[in-house]
Each structure stands twice: as structure tokens, then as C-alpha cells.
Undergrad: 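Take this structure first; my questions come after.
Atoms within each ligand, like the ligands themselves, are counted from 1 in listed order. Throughout, numbering of the chain's residues begins at 1 and tracks the sequence.
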Amino acid sequence: RAKAAGGNRYELADDDSNARVIARHSLSNGLPSALENGEFFIEYQPLVRLADGTVRGAEALVRWLHPVHGVLGPDQFIPLAEDTGLIVPLGRWVLEQAARQARAWQDAPEGEAERLRVNVNLSPCQLSHPTLVSDTVAVLENAGLCPSALCLEVTENDLIGADEDALRPLRQLADLGVDIALDDFGTGYSNLSYLRRLPVSTLKLDRSFTRGMQRAPADPVDVKIVEGIVSLAHTLDLAVTVEGVETAVQAEHLRMLGFDTAQGWYYARPGPPERLHTLALADAS
Ligand code: C2E
Ligand code: MG
Ligand code: MG
Ligand code: MG
């Protein structure tokens, strides 16, 4: 049995694992044709520069408009797409769309939006795929997008244990000027010396670290830990982004703690690409 929760989001009932297996099965059956049928779409969530409050760009977040279940979030189908291998063509599609969208933001008649960039999430299957570098270069060329306008997000967990061979494609992309961000940072428990070897330019702190700062007074232990992470990142010449900012109190605290960029419902929920443009223009005026 499945129950609807929060708008038209689809959530599996926790108490019924049998139904979950069936639902999982029926979802994975529909996956391959979903790409051909144009059932996927992308929402964009703004990334805000904390120093001046301007929109720096947006993260592309994929959704599936399922013919029966309505809008499904990535947590409900990305694992299936990874198991079935569909993540490679799906991930390439997301990258193509996002690159084209970033170019469209930059091309808008109001020149102020020129600085807008786009972040795209990569799965481990894409990371180890032999054509990652050539595909990405081709996508950028076709879209006419400068490599520095693209940031690829890889989770810390997916990079833990990666050796030099496994890191080579990311390093090549970084050398071309693509930004690489370590997503969900702090949840994977990588050691600090390992961080030095990664071709990443940005740490994206997982939102679990900043939950204790949503309301004043902030949890003092959380503050100390986050302070340490920000200072570590800056020592290593990495930019730090914080995700999951939900309140004004939290936003101000994180700005004072020295984060470079922030993302969260407090600024904007993920939404259609047109909205980002409006936000960016609003802060340019
Ligand atoms: P992520 O990359 O860490 O993305 C951030 C997630 O946090 C998004 O969930 C976003 O909607 C949510 N979020 C943003 N602000 C807030 C906030 O203030 N509070 C709370 N509670 N949540 C917030 P979403 O869209 O459900 O995506 C979940 C994950 O799915 C992403 O986590 C990412 O790992 C993955 N994902 C999304 N799109 C893609 C894709 O195209 N390819 C791959 N491989 N993975 C994707
Ligand atoms: Mg991400
Ligand atoms: Mg994240
Ligand atoms: Mg995540």
C-alpha cells in the first residue's frame, strides 16, 4: 500500500515491506521507458552567495512525473536507476538539460544574469563510466557553456576509498575548469589528509550539521564543529557551501560562521528554471 504525503509526493508506507518490494518492482519496470516518454523533469534550487545575498546559480534536481504515482523525488528512483544502469543515460540527460539551461540564463537579454552557474549531481556509476570526461566536454561544447559555469557534485561517500585511477576523470574535468563539489560532506567520515588528495574545489556541508542552528540559541557543540569545518575548508583553499538552510536565524548564523554559499528552503525551494532568473534579476537591481 502506498500513501500520498505532502502535495502529490508519493511515499511508501514504512510498515509494509512487501508492498515496498512490489512498488519498487513496478517503478523499475517503468524506468527505461520514462526517459523516452519524457517523464523526467528538472527543478532548480538557487545557491546564494552569503557575502552579498546574490544568486550564484542553482542545483539541478531531477524529478519523475510518474503516470500513476505522480511526482517522485530522486530518493525514490535514483537507487533503482543505479541498479538497472539507467542512471548513465538519465545522468547524461540531466547534464545536457542543465547545461542548456545555464546557457539560457546567461543568454537572457538582461546581462546581469551572466554569472549564473549550474550544479549537477553525479552518481558513482557515472564516475566510473569510461566516457564521463568526453561526454561532459561534448555537452559543454554543444551548449556553448564555459566549463567554469558547471559544478559537478559527488558525495563524500562515493569518493572515500577512490584511488588515483578512479579519481583521474574528475581530475581531468577539474583541470578543464569544471568545479567539483564534495556533496553531503561530513557524513562519510573521510580523514582529513584524504581530503587534500581530492580534485575538489568546494565542500558542501551536509544539513545534519546545521539543524541545531535553526533557532536561537544555537547548539554550542554544533557551532564549534561547524566552525572547525569552515576553517579547515578555508585552510585547504576550498569554498564551503551549506545546504538545508530553513530559517533566518540559521542563515545569519551561517553567514557569520564564514560560509561562502548557501542553499535551502529559507531562500527558495527547488522550482522551475524561469523562477531562478527572476530571483537573480531581483537581486541585481
Ligand atoms: P542533494 O544533492 O544533497 O540535494 C539536496 C536535497 O536537499 C534536495 O532533495 C533538496 O530538495 C533538499 N533540500 C534543499 N533545501 C532544503 C531545506 O532547506 N530543508 C530540507 N529538509 N531539504 C532541503 P531532493 O531534490 O529530494 O534530492 C535528493 C538527492 O537526490 C540529492 O541530494 C541528490 O543526491 C540526488 N539527486 C537529485 N538529482 C539527481 C540527479 O540528477 N542525479 C543524481 N545522481 N542524483 C540526484
Ligand atoms: Mg547535491
Ligand atoms: Mg547534499
Ligand atoms: Mg544528498
Undergrad: Hey, does Q263 sit under 4.0 Å from ligand 1 if you only count heavy atoms?
TA: no

Undergrad: Just checking, is any N or O donor in the side chain of N157 or T155 under 3.5 Å from an acceptor N or O on the other one?
TA: no

Undergrad: One thing to verify: whether D179 and R117 come together as a salt bridge, which I'm taking to mean a side-chain N less than 4.0 angstrom from a carboxylate O.
TA: yes

Undergrad: Can you tell me if G91 contacts ligand 1 (heavy atom of the residue under 4.0 Å from the ligand)?
TA: no

Undergrad: What's the shortest heavy-atom distance between Q126 and G91, and which atoms?
TA: NE2-CA, 3.3 Å

Undergrad: Under 4.0 Å from a heavy atom of V62: which atoms of ligand 1 are those, numbered in the order shown and with their elements?
TA: 38 (N), 39 (C), 40 (C), 41 (O)

Undergrad: Give yes or no for whether the N/O distance cutoff of 3.5 Å, strictly under, is met between I78 and ligand 1.
TA: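 No; the residue has no nitrogen or oxygen that sits under 3.5 Å from a nitrogen or oxygen of the ligand.
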
Undergrad: Side chain or backbone of K204 under 4.0 Å from ligand 1, or both, or neither, by non-hydrogen atoms?
TA: neither

Undergrad: Counting only heavy atoms, tell me which of D158, L90, N121 gets closest to atom 46 (C) of ligand 1.
TA: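 That would be N121.
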
Undergrad: Give a yes or no on whether the backbone of G186 and the side-chain of E156 come within a donor-acceptor separation of less than 3.5 Å.
TA: yes

Undergrad: Please examine the side chains of D260 and R56, heavy atoms only from C-beta on, and report whether any two atoms are closer than 4.5 Å.
TA: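 No, their side chains stay 4.5 Å or more apart.
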
Undergrad: By atom name, which N, O or S atom belonging to E153 lies closest to the Mg ion (ligand 2)?
TA: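 Per the distance ranking, E153 contributes OE1 as its closest N/O/S atom to the Mg ion (ligand 2).
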
Undergrad: Run down the list A60, A98, P74 and name the one with the heavy atom closest to atom 26 (O) of ligand 1.
TA: P74

Undergrad: Quick one: does E59 get a heavy atom under 4.0 Å from ligand 1?
TA: yes

Undergrad: Is it true that the side chains of Q45 and N119 contain a donor and an acceptor less than 3.5 Å apart?
TA: no

Undergrad: CG of D158 to CG of D183: how many Å apart, nearest 0.5 Å?
TA: 9.5 Å

Undergrad: Taking just the N, O or S atoms of E59, which one is nearest to the Mg ion (ligand 2)?
TA: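 For E59, the N, O or S atom at the smallest distance from the Mg ion (ligand 2) is OE2.
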
Undergrad: Under a 4.0 angstrom heavy-atom cut-off, which atoms of ligand 1 come close to D184?
TA: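 What qualifies from ligand 1 is 3 (O).
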
Undergrad: Does an N or O anywhere in W265 fall below 3.5 Å from an N or O of ligand 1?
TA: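 Yes, W265 has an N/O under 3.5 Å of an N/O on ligand 1.
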
Undergrad: Please state whether the separation between the Mg ion (ligand 2) and some N/O/S atom of D183 is under 2.8 Å?
TA: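 Checking D183: at least one N, O or S atom is under 2.8 Å.
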
Undergrad: How long is the span from the CZ atom in R168 to the CG atom in L132, to the nearest 0.5 Å?
TA: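 The distance works out to 13.5 Å.
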
Undergrad: Rounded to the nearest 0.5 Å, what's the gap from CG on N29 to OG1 on T84? Could you check?
TA: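 OG1 of T84 is found 10.5 Å from CG of N29.
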
Undergrad: Looking at the Mg ion (ligand 3), which N/O/S atom of D184 is the nearest one?
TA: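 So the atom name we want here is OD1.
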
Undergrad: Determine, using heavy atoms of E82 and all atoms of ligand 1, whether some pair is separated by less than 4.0 Å.
TA: no

Undergrad: Which ligand 1 atoms, with their elements, are less than 4.0 angstrom from a heavy-atom of E246?
TA: 17 (C), 18 (O), 19 (N), 20 (C), 21 (N)

Undergrad: With a cut-off of 4.0 Å, which atoms of ligand 1 are near a heavy atom of V245?
TA: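 With V245 as reference, the close atoms of ligand 1 come out as 18 (O).
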
Undergrad: Any idea which heavy atoms bring A262 and V245 closest together, and the distance?
TA: CB-CG2, 4.1 Å

Undergrad: Against ligand 1, does R269 come closer than 4.0 Å with any heavy atom?
TA: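 Per 4.0 Å heavy-atom rule, R269 does not contact ligand 1.
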
Undergrad: Would you say I229 ends up clustered with Y194 if hydrophobic residues are merged whenever their side chains have heavy atoms under 4.5 Å apart, either directly or through other cluster members?
TA: yes

Undergrad: Any idea which part of D183 is under 4.0 Å from ligand 1, heavy-atom wise: side chain, backbone, both or neither?
TA: side chain

Undergrad: Within less than 2.8 Å of the Mg ion (ligand 2), any N, O or S from N121?
TA: yes

Undergrad: Quick one: which ligand 1 atoms are inside 4.0 Å of a heavy atom on P270?
TA: 11 (O)

Undergrad: Show me which atoms of ligand 1 lie under 4.0 Å from any heavy atom of S123.
TA: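 The atoms of ligand 1 under 4.0 Å from a heavy atom of S123 are 44 (N).
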
Undergrad: Is it the case that the side chains of W265 and E246 hold a donor-acceptor pair, with the cut-off being a distance below 3.5 Å and no angle test?
TA: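 The criterion, which ignores hydrogens and geometry beyond distance, is not satisfied for W265 and E246.
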
Undergrad: Can you tell me if G73 has a non-hydrogen atom under 4.0 Å from ligand 1?
TA: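 No, G73 has no heavy atoms under 4.0 Å from ligand 1.
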
Undergrad: Taking C-beta and beyond as the side chain, do P169 and H129 meet within less than 4.5 Å on heavy atoms?
TA: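 No - every pair of side-chain heavy atoms lies 4.5 Å or more apart.
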
Undergrad: In Å and rounded to the nearest 0.5 Å, what is the CZ to CG distance from R171 to L198?
TA: 8.0 Å

